[in-house]
Amino acid sequence: MTTKIILPEMGEGVIEGTIARWLKQEGEAVEEHEPLLEIETDKVTTEAEAEASGVLLQILVPEGETVPVGTVLGVIGRPDGAEDDAPEPQPRAEPLPVPEPAAAAPSARPVEFPNGGGRSFSRQTEAGWVSPVVARMAAEYDLDLTQINGTGLKGRITKDDVLAYLETREEPRQPAPTPPPPQPLPAAAPTPISQLPSPPASGELLPLTTMRRAIADHMVLSKRTSPHVTTVFEVDFSTVTAHRQAHKADFAAKGAKLTFTPYLMLAIAQALQEHPLANSSWQEDGILLHREINIGMATALNDGAGLIVPVVKGADGLNLVGMARMVNDLAERARGNKLKPEEVKGGTFTLTNHGVSGSLLATPIINQPQCGILGVGAIQKRVVVVTDSQGQDAMAIRPMAYLSFTFDHRILDGATADHFVARIKDLLETWREG
């Protein structure tokens, strides 16, 4: 008896995945629930476990290949004659496309990016389903996808098909020699790839991973979508530092490593409760105020492949111990590719602690469709002027850091944004647990 290894559903809107790495090779023994391979999507890299014990008889989808959900990736079974039961390396049928409303007029252009947290959904077009990369290229080069022959699975148009079409399409014909009447100059057409300047011959080309391409698309989309404005505050971490030093051992005994991140997360959660406009998203018909406070925390991956943003759901309902445990768990599993797809979705605000690498100040990019993102620089001892209760000034050495809040200027104006960050500053400088 054999067991098929099938690409599982990886979350809402994810219809395909890339085989990043097989952890077992053909002929090797596997145990049930043992990690078998790593699957990469535009949202997360995660491990898939074996559903049965036996031997990995056959790998049907090699590393680096992208296939739809439901594809048979390999076969587990007994080594004696089990290959006779192995299926042909045929992927399962792709999910049926969701029909558009009857009133929607068909269009040969790809659907624009949805307002959905930067998720890279496949797009439905008159030419069929296309990937986010194909949709972006079609929009950039003003292409009619029905004119492109697809060589992918079931005739699906791939990135290579678009590149080949751009290389071979005819140049626009020149206008008639008779000079036309004076008119505004038309917008220049995108330069075909064949005419782009060639890069230097020397150097090494690093292939783009699914995650790196998704990060790039999401960052470009965010800058095009929101008018970014950044405001910077300086915060005295003396109170937080003293509290952390006094309670690190107690928290360690409870199985929670106490870092500065839980303090920041709780201060953000309380400030979002008091300033709900910062916990919102822009929509064309209004501003959507989110009921839940779900804070994402940008986490750098160990191999330098990029960032991932696990989300602490219901952050306003946690105390310091609970937040410390949640932060530690999500960060460790993020670096070990153990996150589930639902754990990187649903964020309403984001914290990025760029100071862990020594950075003092940054202007982070908004994680769409959120209203803002808070960056925290390195905490350093600096000489500052402090004022005592009698109004007397003095020089003192304090642990200081910069908070940089980048916000969507369609939603927040400068004064509202400043009040929000000032509240976070006040909560950190006068920390009282509970």
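This is a predicted model, so every value here is computed, not measured.
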* To do: Walk me through it: do Gln368 and Ser281 pass the test side-chain contact (heavy atoms from CB on, under 4.5 Å)?
  => CA-CA 8 Å; Gln368 295 294 329; Ser281 297; over 6 Å; no

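- The structure places OG1 of Thr3 at 11.5 Å from CG of Leu56, a figure rounded to the nearest 0.5 Å.
- Within a 6.0 Å sphere centred on NZ of Lys24, heavy atoms belonging to other residues, nucleotides or ligands number more than 12.
- Side-chain atoms of Thr352 do not come within 3.5 Å of backbone N or O of Gly375 as any donor-acceptor pair.
- Across every non-hydrogen atom of His409 and Gly414, the tightest pair is CE1-N, 4.1 Å.
- In this structure, the separation between NE2 on His218 and NZ on Lys223 is 13.0 Å, given to the nearest 0.5 Å.
- Within the 4.5 Å cutoff, no side-chain heavy atoms of Val72 are placed close to those of Leu7.
- A cation-pi arrangement is absent between Arg423 and Phe233 under the rule of less than 6.0 angstrom and at most 45 degrees off the ring axis.
- In this structure, Thr241 contributes its side chain and Phe237 its backbone to a donor-acceptor pair below 3.5 Å.
- Here the CD1-CD distance, from Ile76 to Glu31, works out to 10.5 Å after rounding to the nearest 0.5 Å.
- Residues Ile373 and Leu351 are not in side-chain contact: their nearest non-hydrogen atoms beyond the backbone lie 4.5 Å or more apart.
- To the nearest 0.5 Å, atoms CE (Met323) and CG (Asp316) are separated by 8.5 Å.
- Contact of the Leu330 side chain with the Glu343 side chain is registered, since non-hydrogen atoms from C-beta on lie closer than 4.5 Å.
- Few gaps surround CD on Glu38; more than 12 heavy atoms of other groups in view lie less than 6.0 Å from it.
- Put simply, the side chain of Leu73 reaches to within 4.5 Å of the side chain of Ile19, judged on heavy atoms.
- Looking at heavy atoms from C-beta onward, Ser280 lies in side-chain contact with Ile287 at the 4.5 angstrom threshold.
- From Arg21, atom CZ reaches atom CD of Glu63 across 8.0 Å, with rounding to the nearest 0.5 Å.
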* Asked: What's the verdict on side-chain hydrogen bond (donor to acceptor under 3.5 Å, both in side chains) for Thr348 and Asn279, showing C-alpha distance, side-chain angles and the deciding distance?
  -> CA-CA 6 Å; Thr348 61; Asn279 193 52; 2.6 Å; yes

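- For Tyr263 and His243, the distance between ring centers is under 6.0 angstrom.
- For the pair Asn328 (side chain) and Ala324 (backbone), a donor-acceptor distance under 3.5 Å is present.
- One distance of note links OG1 of Thr350 with CD1 of Ile268; it measures 9.0 Å at 0.5 Å rounding.
- For the pair Arg398 and Ser238, the tightest heavy-atom approach, listed with the atom from each and the gap, is CD-OG, 3.1 Å.
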* Given the rule in the side-chain hydrogen bond (donor to acceptor under 3.5 Å, both in side chains) test, do Thr46 and Asn337 qualify, once you have shown the distances and angles that lead to the verdict? -> CA-CA 5 Å; Thr46 188; Asn337 294 330; over 6 Å; no

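- The minimum heavy-atom distance between Asp408 and Ser226, with the atom names listed, is OD2-OG, 3.0 Å.
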* Run the numbers on Glu26 and Leu57 for side-chain contact (heavy atoms from CB on, under 4.5 Å), then give the verdict. => CA-CA 5 Å; Glu26 291 184 357; Leu57 297 176; over 6 Å; no

* Asked: For Leu277 and His275, what are the C-alpha separation, side-chain angles and deciding distance, and is it a side-chain contact (heavy atoms from CB on, under 4.5 Å)?
  -> CA-CA 6 Å; Leu277 205 57; His275 299 271; 6.0 Å; no

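- Between Asp144 and Tyr165, every side-chain heavy-atom pair lies at or beyond the 4.5 Å cut-off.
- Checked by atom type, the side-chain pair Thr18/Thr66 shows a donor-acceptor distance below 3.5 Å.
- Crowding of Glu234 atom CD: a count of heavy atoms from other residues, nucleotides or ligands under 6.0 Å exceeding 12.
- Using a 4.5 Å heavy-atom threshold, the side chains of Ile295 and Val311 count as separate.
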* To do: Start with the C-alpha gap between Thr363 and Thr406, add the side-chain angles, then the distance that decides, and say whether side-chain hydrogen bond (donor to acceptor under 3.5 Å, both in side chains) holds.
  => CA-CA 7 Å; Thr363 55; Thr406 300; 5.8 Å; no

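- Smallest separation of non-hydrogen atoms from Ala269 and Ile293: O-CD1, 3.6 Å.
- A salt bridge is absent between Arg325 and Asp329; no separation between the charged side-chain nitrogens and carboxylate oxygens falls under 4.0 Å.
- For Gln370 (side chain) and Gly347 (main-chain N/O), a donor-acceptor pair under 3.5 Å exists by modelled atom type.
- Phe349 has its side chain within reach of Leu374: a pair of non-hydrogen atoms, C-beta onward, lies under 4.5 Å apart.
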* Under the side-chain contact (heavy atoms from CB on, under 4.5 Å) rule, what do Glu47 and Leu37 come out as? Steps first, then yes or no, please. => CA-CA 6 Å; Glu47 292 180 348; Leu37 73 157; over 6 Å; no

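- Contact record, His354 with Ser359: ND1-OG, 2.9 Å, taken as the closest heavy-atom pair.
- Checking side-chain atoms of Thr225 against main-chain N and O of Leu221 turns up a donor-acceptor pair under 3.5 Å.
- Looking at Ser53, its side chain does come within 3.5 Å of a backbone N or O of Glu32 through a donor-acceptor pair.
- For Trp431 (side chain) and Asp426 (main-chain N/O), no donor-acceptor pair under 3.5 Å exists by modelled atom type.
- Listed here is the closest heavy atom pair of Ala401 and Arg382: N-NH2, 3.7 Å.
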